[in-house]
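Step one of this worksheet: look at the structure below.
Source: prediction; values computed, not measured.
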Amino acid sequence: MSEKEAQKYIGVYQNTRTFWIRTSIAYENGSLMVEDATSGKQKLRMIHPQLFVDEEGNKIAFKEDKNGNKYFYYATLNNLAYAGAHSQKMDGKQTYSDVSDSSSYKTYISNVSALSIMGAKTGSQFDPTGTMTRRIY
C-alpha cells in the first residue's frame with residue numbers, strides 16, 4: 001500500500017462506547033499499523049478494500065457514513081479476553097505550516113493536535129524543534 005492510499009485510514013480513532021479509549025492508525029514501512037492499549041501494536045494487511053487483517057488473524061473493517069465520518073470495527077481475542085471496538089476517526093484539528101508532509105513526526109503531531117493535548121504555538125506554526133516546558137500545559 002502506498003502512503004497516499006493509506007492517508008484515508010491514518011489518524012486517531014475514539015471508541016464510540018468508551019470515549020477514553022483511543023486507537024492510532026499509522027503508516028510505517030509500506031504498511032498500516034494499528035496500536036491501542038488492548039492489543040498493542042499490530043501490522044495490518046489489506047485483504048479487500050476497507051478490510052484488513054492483523055498479524056494474529058483479527059480483522060479490522062473500515063467504513064464511511066454519508067456525512068463523511070470514518071469508523072472502524074476491530075475485534076481481538078487477547079489473553080483469553082475478547083475486546084471489540086467500534087471507533088470513529090477524530091478530526092485532525094489543524095495542519096501546521098512548519099510541519100512538512102515528509103516529516104517523520106507529522107503523524108504524531110497530528111495525533112496530539114486531534115486529542116487537544118497540544119496545538120499551534122503561534123498562528124499556524126507548531127514549532128516542532130522548539131523547547132517544550134510544563135508551562136505549555
Side-chain angles (χ1 to χ4, degrees):
M1 167 178 286
S2 73
E3 188 168 5
K4 185 177 179 180
E5 293 171 315
Q7 289 304 312
K8 61 184 166 189
Y9 305 107
I10 293 173
V12 176
Y13 292 76
Q14 180 180 36
N15 190 294
T16 58
R17 292 191 179 105
T18 47
F19 299 110
W20 61 90
I21 296 176
R22 307 289 199 283
T23 302
S24 174
I25 306 285
Y27 182 79
E28 293 179 15
N29 303 321
S31 298
L32 281 180
M33 304 295 287
V34 61
E35 186 171 11
D36 63 23
T38 22
S39 59
K41 192 172 189 176
Q42 295 281 329
K43 183 177 181 179
L44 299 177
R45 180 178 52 85
M46 183 186 282
I47 55 177
H48 192 273
Q50 298 191 330
L51 182 61
F52 294 79
V53 64
D54 70 15
E55 295 167 304
E56 296 176 356
N58 302 307
K59 295 195 173 55
I60 180 169
F62 291 86
K63 69 176 183 177
E64 186 172 344
D65 70 15
K66 64 182 178 182
N67 297 320
N69 298 311
K70 293 177 178 63
Y71 299 87
F72 75 76
Y73 181 78
Y74 186 38
T76 61
L77 183 59
N78 222 8
N79 298 328
L80 301 177
Y82 177 77
H86 183 266
S87 301
Q88 181 176 2
K89 188 173 185 180
M90 299 175 70
D91 290 331
K93 294 285 184 191
Q94 107 184 58
T95 57
Y96 302 102
S97 60
D98 57 345
V99 180
S100 72
D101 288 339
S102 61
S103 169
S104 58
Y105 301 110
K106 182 175 175 57
T107 300
Y108 303 107
I109 290 170
S110 295
N111 290 349
V112 297
S113 179
L115 295 170
S116 298
I117 295 171
M118 294 179 74
K121 279 194 175 177
T122 57
S124 67
Q125 295 198 339
F126 186 82
D127 192 18
T129 59
T131 303
M132 185 182 345
T133 65
R134 288 184 288 193
R135 184 173 180 225
I136 293 171
Y137 301 102

Smallest separation among heavy atoms of [X] and [Y], with atom names:
X: D98; Y: S124; answer: OD1-O, 4.2 Å
X: K43; Y: M33; answer: CA-SD, 3.5 Å
X: E55; Y: K41; answer: OE1-O, 4.2 Å
X: D65; Y: N67; answer: OD1-N, 2.9 Å

When hydrophobic residues are tied together by side-chain contacts of less than 4.5 Å, even through go-betweens, does [X] share a cluster with [Y]?
X: M46; Y: L32; value: yes
X: L51; Y: Y73; value: no
X: V34; Y: Y71; value: no

Reported [atom1]-to-[atom2] distance for the pair [X] and [Y], which is rounded to 0.5 angstrom:
X: T16; Y: N69; atom1: OG1; atom2: CG; value: 12.0 Å
X: K63; Y: Q50; atom1: NZ; atom2: CD; value: 10.5 Å
X: K121; Y: F126; atom1: NZ; atom2: CZ; value: 8.0 Å
X: N58; Y: Q42; atom1: CG; atom2: CD; value: 7.0 Å
X: Y74; Y: D54; atom1: OH; atom2: CG; value: 3.5 Å

Practice task
Could you walk me through whether K59 and I47 pass side chain to side chain contact (heavy atoms under 4.5 Å, CB included), step by step?
Solution key: CA-CA 9 Å; K59 295 195 173 55; I47 55 177; 3.9 Å; yes

Problem - Stepwise side chain to side chain contact (heavy atoms under 4.5 Å, CB included) check, K70 with E64 - result: CA-CA 4 Å; K70 293 177 178 63; E64 186 172 344; 3.9 Å; yes

Listing, residues 5-13 side-chain donor-acceptor contacts under 3.5 Å, not counting sequence neighbours, or none:
residue, atom, partner, partner atom, Å
E5, OE1, S2, N, 2.9
E5, OE1, S2, OG, 3.4
Q7, NE2, E3, O, 3.4
Y13, OH, Y9, O, 2.7

Exercise for the section: Output yes when a side-chain donor or acceptor of Y105 lies under 3.5 Å from a complementary backbone atom of V99, and no otherwise. Expected result: no

Exercise for the section: Look at the rings of F52 and F62 and say which category their plane angle falls in: under 30° parallel, 30 to 60° tilted, over 60° perpendicular. Expected result: perpendicular

